[in-house]
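Residue numbers start from 1 in every chain, and the chains themselves are labelled A, B, ... in the order their sequence lines are given, proteins ahead of strands.
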There are 2 protein chains.
Amino acid sequence: MIKLSRFADYAVVVLAELSRGDDLRLSASDLSLRCKLPEPTVAKILKSLTRAGVLSSTRGVNGGYGLTRRPEKITVADIITAMDGPISLTDCADSRSNCVLEGQCAMHGRWSKVNLAIRTALESVTLIDLMQTAPRAAMQPKVTAEEKSKTI
Amino acid sequence: MIKLSRFADYAVVVLAELSRGDDLRLSASDLSLRCKLPEPTVAKILKSLTRAGVLSSTRGVNGGYGLTRRPEKITVADIITAMDGPISLTDCADSRSNCVLEGQCAMHGRWSKVNLAIRTALESVTLIDLMQTAPRAAMQPKVTAEEKSKTI
DNA sequence: TTATACAGGATTTATATAGTCCTATTTTAG
DNA sequence: CTAAAATAGGACTATATAAATCCTGTATAA
């Protein structure tokens, strides 16, 4: 299905918040509050974005996350790749899951044109483009952070 | 997730078979045999493609399916739309599921650039393009038609 | 040296896809 | 006129994937 994963959508919201620039570094719990998204989920997203090199992290007291480059240099392709792995319409079939190189199996051969077209499309839109059209709301999670913390 | 649905992949295989042009019309069972895909699945795909106007159908004895236009006029976007519905990274959130018009809700506004870019990319590749790179094999279904028909 | 905050993995839960099957309708052949 | 062949459409079930949570470990600064 050609659908955005919920994580990728959340990631945009989180990155948009970090792009506002009022604070240089924000912790996972800060971002959870500001974006109104569940903290465990936000934490997971931040880790993925850090591993992908989109964010840098600082441990310890007053630690947190910050962008490694300016928002106009962060593309939708970067974000989706960070959250869901390489952008490819087909994850190579069955047993030969070590098929990473394109042009090696029939599937990749057949769909490589399409994959390239999609990647190019996603690389052409940046975080700035996404921020200009809308403020900061995301697909709502099934249970929000607030509801969850209302423990009797 | 930006992944092709299995149905969309199967559809390409089936359409490729119909594009060979040796026979004008082929039945669901014919296509199932030729493409080595389970018949119920093939039947379902053919129905969807017919409803979408990519195929025409004829009922009754000697009936079957045929292309409504030449393969170079059938785009990947046509096929994916037929199988999985409109190409949009976000199916509009929650309750307001009757939000069909873009620009009406924040989600669509935010992602409309990306949706457009992807649609354009998928419209630029035709069935002919897919056929030239690879012959006719698809992601394998978990249980193949042959195995299933080996009923003791 | 203790509290804070990130790192990474394991596990459960929910959702959406894939696959199958059943009944109705249409059409041609005999 | 009847029977067989073929599509139309929808309902149901199982399964795979994604989402969400939780737990343990490690680094850092006050």
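- Proximity of A/Arg51 to the phosphate of C/dG8: a side-chain N or O atom is located under 4.0 Å from OP1 or OP2.
- A/Leu37 places its CG atom 12 Å from the C1' atom of D/dA20, with the value rounded to the nearest Å.
- Rounded to whole Å, the distance from NZ on B/Lys3 to P on C/dA18 is 13 Å.
- Within the 4.0 Å cut-off from OP1 or OP2 of D/dA19, not a single side-chain nitrogen or oxygen of A/Tyr10 is found.
- Put simply, A/Arg6 has no side-chain N or O that comes within less than 4.0 Å of OP1 or OP2 on C/dT15.
- With 3.5 Å as the limit, one finds a donor-acceptor pair spanning the side chains of A/Asp30 and A/Ser27.
- Interatomic distance, A/Asp9 CG to A/Lys3 NZ, rounded to the nearest 0.5 Å: 13.0 Å.
- Rounded to an integer number of Å, the gap from NZ of A/Lys47 to C1' of D/dG25 is 11 Å.
- Atom CD in B/Glu39 sits about 14 Å away from atom C1' in C/dC22, given to the nearest Å.
- Look at CG on B/Asp30: it is 8 Å from P on D/dA6, rounded to the nearest Å.
- In the helix from C/dT1-D/dA30 to C/dG30-D/dC1, the rotation axis of the first five pairs and that of the last five pairs differ in direction by 10°, rounded to 10 degrees.
- Judged by distance alone, the side chains of A/Ser56 and A/Arg25 do bring a donor and an acceptor atom under 3.5 Å apart.
- Minimum atom distance to the side chain of A/Ser27 is reached by C/dC6, of the listed C/dC6, C/dT17, D/dG10.
- Side-chain contact between B/Asp84 and B/Leu4: absent, with no pair of heavy atoms (C-beta onward) separated by less than 4.5 Å.
- Within the 4.5 Å cutoff, the side chain of A/Tyr65 has heavy atoms near those of the A/Thr50 side chain.
- For the pair A/Leu55 CG and C/dA7 C1', the interatomic distance rounds to 14 Å; values are reported in whole Å.
- Residue contacts for B/Ala28: at a heavy-atom cut-off of 4.0 Å it reaches the sugar-phosphate backbone alone, with no base atom in range.
- Heavy-atom neighbours of A/Arg70 CZ from other residues, nucleotides or ligands within 6.0 Å: at or below the threshold of 12.
- Here B/Ser88 contributes atom OG and B/Leu116 contributes atom CG; the two are 11.5 Å apart, rounded to the nearest 0.5 Å.
- Rounded to whole Å, the distance from CG on A/Asp84 to C1' on D/dA19 is 11 Å.
- Considering only heavy atoms from C-beta on, B/Val114 comes within 4.5 Å of A/Leu130 through its side chain.
- A donor and an acceptor atom never sit less than 3.5 Å apart when one is taken from the side chain of A/Lys44 and the other from the base of D/dA19.
- Taking only side-chain atoms of A/Phe7, from C-beta outward, the nucleotide of D/dT7, D/dA20, C/dA7 with the closest atom is D/dA20.
- Using a 4.0 Å heavy-atom cutoff across all strands shown, A/Thr50 reaches sugar-phosphate atoms only and no base atom.
- B/Leu33 has its CG atom 15 Å from the C1' atom of D/dA6, to the nearest Å.
- To the nearest 0.5 Å, the span separating CG on B/Leu122 from CG on B/Asp78 amounts to 10.0 Å.
- In this structure the side chain of B/Leu26 reaches within 4.5 angstrom of the side chain of B/Arg34, judged on heavy atoms.
- Remark: B/Arg59, B/Gly60, B/Val61 in residues 56-68 of chain B come within less than 4.0 Å of DNA chain C through at least one heavy atom.
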